[in-house]
A.B. asks: 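I'd like to ask some things about the structure below.
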Amino acid sequence: MIGAAGGVGSRLCRILTERGDEAVGVFRRAEQAEIVSGAGAAGHQFDLVDGSDDDLEEILEGCDAVVFTAGAHGTGEDQTTLIDGKGLEKALRAAQEAKVYRVVVVSAMPEAARGRETTPSFEHYMRTKKRGDIIATTSGLDWVVVRPGRLTNDDGNGRVTAGLAVEYGEIPRDDVALFLAEVVRTPELSRAIVEVTRGPETVQEAVGTVVELLNQELP
Ligand SMILES: NC(=O)c1ccc[n+]([C@@H]2O[C@H](COP(=O)([O-])OP(=O)(O)OC[C@H]3O[C@@H](n4cnc5c(N)ncnc54)[C@H](OP(=O)(O)O)[C@@H]3O)[C@@H](O)[C@H]2O)c1
């Protein structure tokens, strides 16, 4: 997982290890090592901006899937370009070279700021996320792009609404992490952009709903 010390990433590390998976967590700063090991993952310090493709490839080798949940979290347009944009490209290249074809990319819903006055840096963030979606969806990999609504630190209840398009809303980071964990282990869900917010279904039901939508036959 790339972004393993973050709000979503650290939760996801814990969920994966608690269910018996071996999680590998990529983090940026030395002081984040404890967050990642505390969540049960094997940590690797790697900077998406300065680190080489080869080093990241080596970290990813042997993994079944890569989850990209890193982000510049409002530290400026340049950082957004380097992390959410070029960092994602680097991660996808490294995954390909490491022959880890399943990649789950955390993106954002396009409605994120609808009805509000935005800033140029927010607009840049949204454009960068969309470009990331384009790069992931044309990568030739076994990709899934997950677009959560507005993230909160409320306690999750394990219940969400997911679909190829859903109404905009909030979702606790806890539930995004649970949803990602379910996506990772559902190979039938592939090559789809999936939106997810708080809702009534368990994550298993919600992932099942999306798989059904993808496989629906014409009447
Ligand atoms: N906030 C929202 O409402 C919202 C909505 C939809 C989608 N999202 C997206 O959801 C994702 C996860 O969000 P979150 O709340 O978990 O974010 P977060 O807590 O900021 O976690 C992101 C992680 O990425 C790491 N990172 C940043 N730059 C890096 C680099 N150069 N090399 C390696 N790691 C790096 C960060 O480390 P540092 O602490 O060192 O920076 C941090 O641990 C993000 O991609 C975000 O854009 C957010």
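Ligands are counted one by one from 1 in listed order, and the atoms in each one are counted from 1 as well. We're numbering straight along the sequence, starting at 1.
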A.B. asks: Which residue holds the protein heavy atom closest to atom 33 (C) of ligand 1, what is that atom called, and what is the gap in Å?
C.D. replies: F46 O, 3.4 Å
A.B. asks: For ligand 1, which atoms sit closer than 4.0 Å to a heavy atom of V106?
C.D. replies: 10 (O), 11 (C)
A.B. asks: Using heavy atoms and a 4.0 Å limit, tell me yes or no: is K129 in contact with ligand 1?
C.D. replies: yes
A.B. asks: Side-chain contact, heavy-atom cut-off 4.5 Å: V194 with V144?
C.D. replies: yes
A.B. asks: Going by heavy atoms, is A4 under 4.0 Å from ligand 1?
C.D. replies: no
A.B. asks: If we ignore angles and hydrogens, is there a donor and acceptor under 3.5 Å between the side chains of T209 and E201?
C.D. replies: yes
A.B. asks: At a 4.0 Å threshold, what atoms of ligand 1 neighbour a non-hydrogen atom of V8?
C.D. replies: 16 (O)
A.B. asks: What residue and heavy atom of the protein are closest to atom 15 (O) of ligand 1, and at what distance?
C.D. replies: R173 NE, 2.7 Å
A.B. asks: Under 4.0 Å, counting heavy atoms only: does M109 come that close to any atom of ligand 1?
C.D. replies: no
A.B. asks: Salt bridge between R147 and D133, side-chain N to carboxylate O under 4.0 Å?
C.D. replies: yes
A.B. asks: Less than 4.5 Å apart, any side-chain heavy atom of R150 and any of T152?
C.D. replies: yes
A.B. asks: Do V145 and T137 touch side chain to side chain, with heavy atoms closer than 4.5 Å?
C.D. replies: yes
A.B. asks: Provide the number and element of each atom of ligand 1 under 4.0 Å from a heavy atom of G7.
C.D. replies: 16 (O), 18 (P), 19 (O), 21 (O)
A.B. asks: Going by heavy atoms, is A5 under 4.0 Å from ligand 1?
C.D. replies: yes
A.B. asks: Any N or O of G6 that comes nearer than 3.5 Å to an N or O of ligand 1?
C.D. replies: yes
A.B. asks: For ligand 1, indicate whether the residue Q79 contacts it via side chain, backbone, both or neither (heavy-atom separation under 4.0 Å).
C.D. replies: neither
A.B. asks: Quick check: do K86 and L48 have side-chain heavy atoms less than 4.5 Å from each other?
C.D. replies: no
A.B. asks: Can you confirm whether K90 sits close enough to S52 that some side-chain heavy atom of one is under 4.5 Å from a side-chain heavy atom of the other?
C.D. replies: no
A.B. asks: For atom 20 (O) of ligand 1, which protein heavy atom lies nearest, and how many Å away is it?
C.D. replies: H73 CD2, 2.9 Å
A.B. asks: Return the closest protein heavy atom for atom 37 (O) of ligand 1 as residue, atom name and distance.
C.D. replies: Q32 NE2, 3.4 Å
A.B. asks: For atom 12 (C) of ligand 1, what is the nearest protein heavy atom, given as residue, atom name and distance?
C.D. replies: T69 OG1, 3.2 Å
A.B. asks: Should one rank R29, H44, R28 by closest heavy-atom distance to atom 39 (O) of ligand 1, which comes out on top?
C.D. replies: R29
A.B. asks: Can you confirm whether the side chains of T81 and H124 place a donor and an acceptor under 3.5 Å from each other?
C.D. replies: yes
A.B. asks: Do R93 and E89 pass the side chain to side chain contact (heavy atoms under 4.5 Å, CB included) test, and can you show the C-alpha distance, the side-chain angles, and the key distance before you say yes or no?
C.D. replies: CA-CA 6 Å; R93 281 196 306 271; E89 288 181 47; 4.0 Å; yes
A.B. asks: Could you grab the distance from atom CZ of F179 to atom OG1 of T202, nearest 0.5 Å is fine?
C.D. replies: 10.5 Å
A.B. asks: Out of L82, N153, L180, L151, who is nearest to atom 3 (O) of ligand 1 when you count heavy atoms only?
C.D. replies: L151
A.B. asks: For residues V146 and L180, determine if any side-chain heavy atom of one lies less than 4.5 Å from a side-chain heavy atom of the other.
C.D. replies: yes
A.B. asks: Would you mind telling me if ligand 1 is within reach of the side chain of R147, the backbone, both or neither, using heavy atoms under 4.0 Å?
C.D. replies: neither
A.B. asks: Looking only at heavy atoms of F68, does any of them come nearer than 4.0 Å to an atom of ligand 1?
C.D. replies: no
A.B. asks: Within ligand 1, which atoms have a heavy atom of G149 less than 4.0 Å away?
C.D. replies: 5 (C), 6 (C)
A.B. asks: Does the side chain of M126 reach to within under 4.5 Å of the side chain of S121, using non-hydrogen atoms?
C.D. replies: no
A.B. asks: Check ligand 1 against Y125 and write out every atom of the ligand that is under 4.0 Å from a heavy-atom position of the residue.
C.D. replies: 7 (C), 8 (N), 9 (C), 46 (C), 47 (O), 48 (C)
A.B. asks: Would you mind running through ligand 1 and noting each atom that sits below 4.0 Å from a heavy atom of D47?
C.D. replies: 30 (C), 31 (N), 32 (N)
A.B. asks: Would you mind listing which atoms of ligand 1 come within a distance below 4.0 Å of any non-hydrogen atom of R150?
C.D. replies: 3 (O)
A.B. asks: Can a salt bridge be assigned to the pair D142 and R191 using a cut-off of 4.0 Å between side-chain N and carboxylate O?
C.D. replies: no
A.B. asks: With respect to atom 27 (C) of ligand 1, which of A72, G71, A70 exhibits the smallest heavy-atom separation?
C.D. replies: G71
A.B. asks: Counting C-beta onward and ignoring hydrogens, is there a side-chain heavy-atom pair between Y168 and R114 closer than 4.5 Å?
C.D. replies: no
A.B. asks: Is the closest heavy atom of S107 to ligand 1 under 4.0 Å?
C.D. replies: yes
A.B. asks: Enumerate the atoms of ligand 1 whose separation from the nearest heavy atom of V49 is less than 4.0 angstrom.
C.D. replies: 31 (N)
A.B. asks: Have a look at V26, L12, V105, L48 and point out the one with the heavy atom closest to atom 30 (C) of ligand 1.
C.D. replies: L48
A.B. asks: Using a strict threshold of under 4.0 Å (side-chain N to carboxylate O), is an ion pair present between R198 and D154?
C.D. replies: yes
